[in-house]
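Before any comments, here is the structure.
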Amino acid sequence: MISNNEITKILKEIAEYLEMKSIPFKPRAYEKAAEAISELEEEVTEVYKKGGLIALEKIPGVGISIAEKIEEFIKTGKLKYYEQLKKSVPVDLASFSGIEGLGPKTIFKLYKKLGIKNLKDLESAIAKRKIEKLKGFGKKSEEKISKGIEFAKKHSGRYVLGFIMPLIREIENRIKNISGVKQVVVAGSVRRMKETIRDADILVVSQKPKPVMDYFVSMPEVAYVIAHGKTKSSIKLKNGLDVDIRVVPEESFGAALNYFTGNRDHNVSLRELAIKNGWKLNEYGLFKGKKIIAGKSEEELYKKFGLTYVEPELRENTGELRLAKENKLPKLIGYKDLRGDLQIQTNWTDGANSIEEMACAAIAERLEYIVITDHTKRLAMTHGLDEKRIKEQWKEIDKVNAKLKKEKINFTILKGSECDILKDGSMDLSDKILEQLDVVGGAVHSSFNLSKEEQTKRIMKAMKNPHVDIIFHPTGRILNRREPYEIDIDEIIKVAKETGTVLEIDAYPERLDLKDHYIKKCVETGVKLSIDSDAHSITHLPYLEYGIGTARRGFATKNDIINAWPIDKMLSFLKDKRKIK
DNA sequence: GCCGTTTTCGGCCCGACTGTTTTCAGTCG
């Protein structure tokens, strides 16, 4: 079966071939179609199977011509149009991907003049100093390509946002201290809270750009400088992350922040909207002729367009501008809105800290309650709790609660479990134990490779258990490391709705599970969610931020997230749900 | 090649920086 990845790849390559030939507009059309498909939840082959060509055409950016090409590719596993392009320029595009500064036009020139077809050819041409002798190239171009290759080999792919964020914030803070700097904001995909990022964009307000540029390109983390201009510079860090910086004057801050936050298609849509109004939008402001009519703040900018403010996390050009126009954007859950954390591990199993230490850390995060959810016996490697040990744990929880009460601290530790969902969908602890717990999370930790049907059935059975309140990290994915297990997410959401079962947004940076698209489906269906740190140490509690960011990307409001509610409301919701099951 | 509460045909975002050039194409975001 042809995967979305394969279709995306072939469409992207077509775009590059067309770019080489300087054919206008078509490359962007293919790129847009490729992007849309890479973001698609459903398998394109399924879409085609269900609705044929017409269904394919409904994918945004896919028209009749690309739809027919996808059809041919699905049916025959081949695409004549692509084969012809490849025949006319027989280069291995994939082997050049990720090399900084090496675009389609350059690849084409190198092929035509030196017969370079793949990375190996390119490396040997560099070794023989052939490139610097070419017209239009020079010593510096050759060096740049050489460096690009070196780095592309070492570092590929994307960085998990929550793990790279401390470094980005450290750099941000150092730039804040440079003289003349009035404001520093990390924009781009970081501000949109994408789960993984490829680069970081830093926006600076200052009347004196030079000291900012000079410091930026000479930071100790810099591997090499990609560009060093008057108001804009780009560097590659030793860990492989690209970082761009841009300095703008105060009056352009809003327009620049908007421009730098993106995504690209959101920006393009806004700029097209400007043109329709007879204006022009760039990073310096919104202009009517030469007169600036907005740009100091983002709020002002959206207002001028007749739109309600669009939160950064929603700027993916997936319909948010239409909703902004109709004043239908939801009031997203805020970064300070969580009152509790429903998944916390302690040193009773694989956590690093005691119950009391975790409670204190949660208090420091301004939470009002946590649920202790250590693993259960099936997870032997974590020394999972059996019926006997979990009862001992309850005594410990009571003790710490009593201590907090005595100290007049308004904080509650609830009794819970991250209870294994066994292969057949039954639970790892008896119903008699489960019914005594305040919050029960069911989780899959084994048999990841069941068929889609079996895996879905397994989780559905757990959801139908009256004592199971939440499904923890429902798809089991680990970013950059493990694919989600196969489940029918629509079916899971349907049963969650029927049974009142809550689905979790696990905030651990490499999980973020559920992910944004699925969260949106839950919000639309009315399935309730929780945002939990899944903390295994006191240092993990701040990860809640990434869960909230992901929830915001999924259009979730406070009402959708049960641990944004007061403890009594949250608990009575779960109790009522247990009754109806 | 796609798309349309201005359009089913005629548009398609905008600007900084680089390297190799004397005016600009290529790349990137």
Side-chain angles (χ1 to χ4, degrees), chain A residues 11 14-16 18-20 22-36 56-70 81 96 98-110 131-145 148 187-189 192 197-203 209 213 217 225-236 242-248 252 255-256 258-287 306 317 321-322 325-326:
Chain A
L11 292 176
I14 289 174
E16 285 192 65
L18 296 171
E19 188 88 40
M20 286 178 184
S22 297
I23 294 168
F25 306 115
K26 283 191 189 185
R28 185 74 190 112
Y30 277 95
E31 255 176 53
K32 276 187 106 162
E35 276 165 29
L56 291 181
E57 277 189 77
K58 285 197 180 128
I59 300 169
V62 176
I64 178 69
S65 177
I66 293 182
E68 280 173 357
K69 291 188 173 72
I70 294 172
Y81 182 63
F96 296 127
I99 299 173
E100 173 79 38
L102 190 66
K105 294 272 171 63
T106 311
I107 293 172
F108 188 49
K109 268 189 216 163
L110 293 174
I131 292 174
E132 62 169 70
K133 295 184 191 93
L134 287 180
K135 197 182 164 206
F137 291 80
K139 217 171 184 151
K140 282 195 172 172
S141 322
E142 192 170 89
E143 265 170 34
K144 201 174 159 188
I145 294 171
S189 46
R192 298 202 310 279
I197 61 165
R198 211 186 52 75
D199 56 18
D201 302 286
I202 301 177
L203 180 67
M213 294 295 115
V217 298
V225 178
I226 299 167
H228 181 181
K230 281 190 185 116
T231 61
K232 180 186 167 181
S233 293
S234 299
I235 53 174
K236 194 174 275 289
D242 286 333
V243 188
D244 300 331
I245 199 166
R246 185 75 177 264
V247 181
V248 296
S252 302
N258 183 252
Y259 162 72
F260 263 110
T261 300
N263 72 2
R264 179 166 59 169
D265 285 342
H266 179 93
N267 289 351
V268 169
S269 292
L270 275 182
R271 286 173 184 206
E272 282 171 351
L273 194 57
I275 292 169
K276 280 175 192 162
N277 284 302
W279 306 328
K280 186 175 82 164
L281 177 63
N282 59 28
E283 58 263 54
Y284 300 108
L286 182 61
F287 294 89
N317 207 39
L321 287 172
R322 184 176 44 80
K325 193 175 177 191
E326 295 166 358

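On a predicted model such as this, the values are computed, not experimentally measured, just so you know. Residue numbering restarts at 1 for every chain, and letters A, B, ... go by the order of the sequence lines.
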[atom1]-based separation of [M] from [N] [nearest Å]:
N	M	atom1	value
dT20(B)	dA25(B)	C1'	10 Å
dT18(B)	dT23(B)	C1'	14 Å
dT8(B)	dG1(B)	C1'	14 Å
dC12(B)	dT6(B)	C1'	16 Å
dT27(B)	dC13(B)	C1'	16 Å

Base, sugar-phosphate alone, or nothing: which one does [X] contact when heavy atoms must sit under 4.0 Å apart?
X	answer
K144(A)	nothing
P27(A)	nothing
L18(A)	nothing
R28(A)	nothing
R198(A)	sugar-phosphate
P104(A)	sugar-phosphate
L270(A)	nothing

Any carboxylate oxygen within less than 4.0 angstrom of a Lys/Arg side-chain nitrogen, looking at [X] and [Y]?
X	Y	answer
R246(A)	D201(A)	no
K140(A)	E143(A)	no
R264(A)	E35(A)	yes
K26(A)	E19(A)	no
D265(A)	R271(A)	no

N/O (side chain, [X]) to phosphate O (OP1/OP2, [N]) under 4.0 Å:
X	N	value
K69(A)	dG1(B)	yes
K280(A)	dG15(B)	yes
N267(A)	dC13(B)	no
K232(A)	dA16(B)	no
R271(A)	dG15(B)	no
S141(A)	dT18(B)	no
T231(A)	dC17(B)	yes

Starting from [atom2] on [N], measure out to [atom1] on [X] and report it in whole angstrom.
X	N	atom1	atom2	answer
E283(A)	dG15(B)	CD	C1'	5 Å
K140(A)	dT21(B)	NZ	P	13 Å
L102(A)	dG19(B)	CG	P	15 Å
K325(A)	dT5(B)	NZ	P	9 Å
R264(A)	dT27(B)	CZ	C1'	12 Å
E272(A)	dC2(B)	CD	C1'	11 Å
I145(A)	dG26(B)	CD1	P	14 Å
H266(A)	dC14(B)	NE2	C1'	15 Å

Above 12 or not: heavy atoms from other molecules or residues under 6.0 Å from NZ of K133(A)?
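Yes, enclosed.
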Upstream residue (5' side of DNA chain B) when W279(A) and D201(A) are each assigned their closest nucleotide
W279(A)
On DNA chain B, does the nearest nucleotide to I59(A) precede the nearest nucleotide to E142(A) from the 5' side, or the other way round? Give the residue.
I59(A)
Which of the following nucleotides, [options], is nearest to the side chain of [X]?
X	options	result
K135(A)	dT21(B), dC2(B), dC13(B)	dT21(B)
K109(A)	dG29(B), dG1(B), dG26(B)	dG26(B)
Y81(A)	dC17(B), dT6(B), dG1(B)	dG1(B)
K276(A)	dT7(B), dG15(B), dG26(B)	dT7(B)

With both distances kept under 3.5 Å, what pairs with dT8(B), Watson-Crick or G-U wobble?
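Pair assignment: dT8(B) / none.
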Distance-minimising heavy-atom pair for H266(A) and L321(A):
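So the minimum-distance heavy-atom pair works out to CE1-CD2, 3.6 Å.
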Quiz item: Y259(A) side-chain donor-acceptor pair to dG15(B) base, under 3.5 Å
no
Going by 5.5 Å between centroids and 30° between planes, is there a stack of F137(A) over dT20(B)?
no
dT7(B), syn or anti by chi within 90 degrees of zero:
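In terms of base orientation relative to the sugar, dT7(B) is syn.
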How many angstroms lie between OG in S233(A) and CG in D244(A), if you round to the nearest 0.5 Å?
9.0 Å
